[in-house]
K.L.:
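The structure under discussion is supplied below as structure tokens; questions concerning it will follow.
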Amino acid sequence: MAQGPKYEILRELGRGSYGVVYEAAARAGGRVAVKKMPCDSPESSELALQEFWALSSVRRRHSNVIWLDECILQRGHSVQEMTRGSWESESQLCLVETCLKGKSCLDPQSSHCLWFVMEFCDGGNLNHYLLGRAPDCSLNLSFMRQLSAAVAFLHMNDIVHRDLKPDNILVSCRSTGPVLKVADFGLSKKCQSKGSMSRWQVSAACGTDFYMAPELWEGHYSNKVDIFALGITFWAMLERITFRDTESKKELLGAYLSQGRNLIPVGQALMENPSLELPIPMYSKRALNKGIQKLLRDMLAYSPQERPDAFILRAQIEQFAFTGERLRM
């Protein structure tokens, strides 16, 4: 007796420039998130491959990083499941060729895409979750611990995310409290030289303006760009600093500097003036603990060498939690 589809699409959860995410019901039971990334151009193929390589390279799970259950290659009406054992198969090489040659090695009339099947997060993204609730110091500290642990895990696995921001952080609601999941690895980079992350340099500017480190604007950077983006996210989360996105018209968490009516990304401002002193805290009535102020300034330092690495950052935040130090004065 023929079985029905493995997954049934229930609704669209969100879409970006290069992919659409759906909530789906699995035939085996339970809900999953399914991300469709078309591979019909060199640029979209590269993004799909980068996400695939980053997620498939992680050999063990981390509670704060989205988990890839399986990847499915669709070529026209043909569908091929890419299990972990076959992720180095001819199918993957075909997509690599598509990306490198800049043209489809498949039937030119046949569309093709990658479907990523991942765990479903029912709390939306970090923007949606936090802006729908009153400020909570204990929740902020929990989220800082979770995100610093996630970035340390990624860097330990030689992955630079390159686009960390509240939109790319999902929330899974549990009986023990909300669990954050770093997601959306389309702009991520997998370092091939083991153990050289702090010295590894890449030269393709990418990311989202408000979270980009100064060196990202110039196109030469290392894994410390993730620390800077996390610093922007922490600062915005602690003080509830928001801006309105010009395209989506949505209110988003993100720190910035003001010049008249213009909002200037912190990284851009530092690139133009490396000695600039950041106004932390931005709102005096919401004064932050001196230790937290220093931590944010260190994370947002102009020079990558002056920022803590992910492992030191995780230890520093764990120390705040261990001593029970308050985030605010």
Side-chain angles (χ1 to χ4, degrees), residues 16 18-19 21 33 35 37 45-71 82 84 87-88 92 95-96 99 114 116-119 121 125-126 144-170 179-208 211-213 215-216 219-234 299 304 307-315 317:
Y18 301 101
V21 181
K35 182 175 185 178
M37 294 193 72
S45 295
E46 182 178 1
L47 288 169
L49 284 165
Q50 285 180 170
E51 181 139 7
F52 172 74
W53 284 329
L55 291 174
S56 63
S57 69
V58 177
R59 299 303 179 190
R60 65 183 181 88
R61 295 187 184 223
H62 188 279
S63 59
N64 301 119
V65 176
I66 203 75
W67 178 252
L68 176 64
D69 187 53
E70 68 174 325
C71 185
M82 300 173 69
R84 283 190 178 272
W87 281 356
E88 298 296 332
Q92 179 177 337
L95 281 174
V96 173
C99 174
L114 279 180
F116 297 92
V117 181
M118 301 170 286
E119 56 187 311
C121 297
N125 62 42
L126 191 59
M144 290 171 68
R145 294 177 70 186
Q146 293 182 52
L147 290 174
S148 62
V151 172
F153 174 79
L154 292 175
H155 288 189
M156 183 177 65
N157 283 276
D158 299 315
I159 297 170
V160 186
H161 190 282
R162 300 203 297 180
D163 196 23
L164 282 172
K165 57 183 179 180
D167 261 357
N168 291 340
I169 299 166
L170 304 179
V179 177
L180 299 187
K181 305 278 184 177
V182 173
D184 201 338
F185 287 79
L187 293 180
S188 65
K189 198 75 173 178
K190 171 71 176 174
C191 179
Q192 300 301 320
S193 179
K194 194 73 176 175
S196 63
M197 290 283 285
S198 61
R199 300 184 301 278
W200 179 54
Q201 299 286 317
V202 290
S203 57
C206 68
T208 304
Y211 312 91
M212 285 169 57
E215 63 271 25
L216 258 173
H220 298 279
Y221 51 92
S222 68
N223 60 355
K224 292 291 186 72
V225 299
D226 285 347
I227 303 300
F228 189 94
L230 212 53
I232 294 290
T233 299
F234 287 175
M299 295 175 72
R307 297 174 210 149
D309 65 31
F311 311 102
I312 291 175
L313 175 64
R314 179 181 58 184
I317 292 174

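We're numbering straight along the sequence, starting at 1.
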K.L.:
Give the minimum heavy-atom separation between A48 and F116, together with the two atoms involved.
P.N.:
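Here A48 and F116 meet closest at O-CZ, 3.5 Å.
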
K.L.:
Which heavy atom of V225 sits nearest a heavy atom of E215, and at what distance?
P.N.:
CG1-OE2, 3.7 Å

K.L.:
With a 3.5 Å distance limit and no angle check, can you tell me whether H161 reaches the backbone of A183 through a side-chain donor-acceptor pair?
P.N.:
yes

K.L.:
To the nearest 0.5 angstrom, please state how far the CZ atom of R61 sits from the CG atom of L68.
P.N.:
9.5 Å

K.L.:
Looking at side-chain heavy atoms only, is the closest gap between K190 and D158 below 4.5 Å?
P.N.:
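They are in side-chain contact.
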
K.L.:
Is a side-chain N or O of K181 found less than 3.5 angstrom from the main chain of I169, in a donor-acceptor match?
P.N.:
no

K.L.:
Between D309 and H155, is any side-chain donor less than 3.5 angstrom from a side-chain acceptor?
P.N.:
no

K.L.:
Sequence neighbours excluded, which residues qualify as side chain to side chain donor-acceptor pair (under 3.5 Å) partners of Q146?
P.N.:
N64, S142

K.L.:
Grab the two heavy atoms, one from T233 and one from P166, that are nearest each other, plus how far apart they are.
P.N.:
OG1-CD, 3.8 Å

K.L.:
Show the nearest heavy-atom pair for residues F228 and A213, with the distance to one decimal.
P.N.:
CD2-CA, 3.4 Å

K.L.:
Working note: W53 + F185, criterion side-chain contact (heavy atoms from CB on, under 4.5 Å); need CA distance, chi angles, decisive distance, verdict.
P.N.:
CA-CA 9 Å; W53 284 329; F185 287 79; over 6 Å; no

K.L.:
Given L154, which partner from the list L164, N223, V65 fulfils the side-chain contact (heavy atoms from CB on, under 4.5 Å) test?
P.N.:
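Exactly one option meets the side-chain contact (heavy atoms from CB on, under 4.5 Å) with L154, and it is V65.
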
K.L.:
Ignoring hydrogens, what is the shortest heavy-atom contact between A152 and R314? Give both atom names and the distance.
P.N.:
CB-NH1, 3.8 Å

K.L.:
Does a salt bridge link K35 with D184, judged by any charged N lying under 4.0 Å from a carboxylate O?
P.N.:
yes

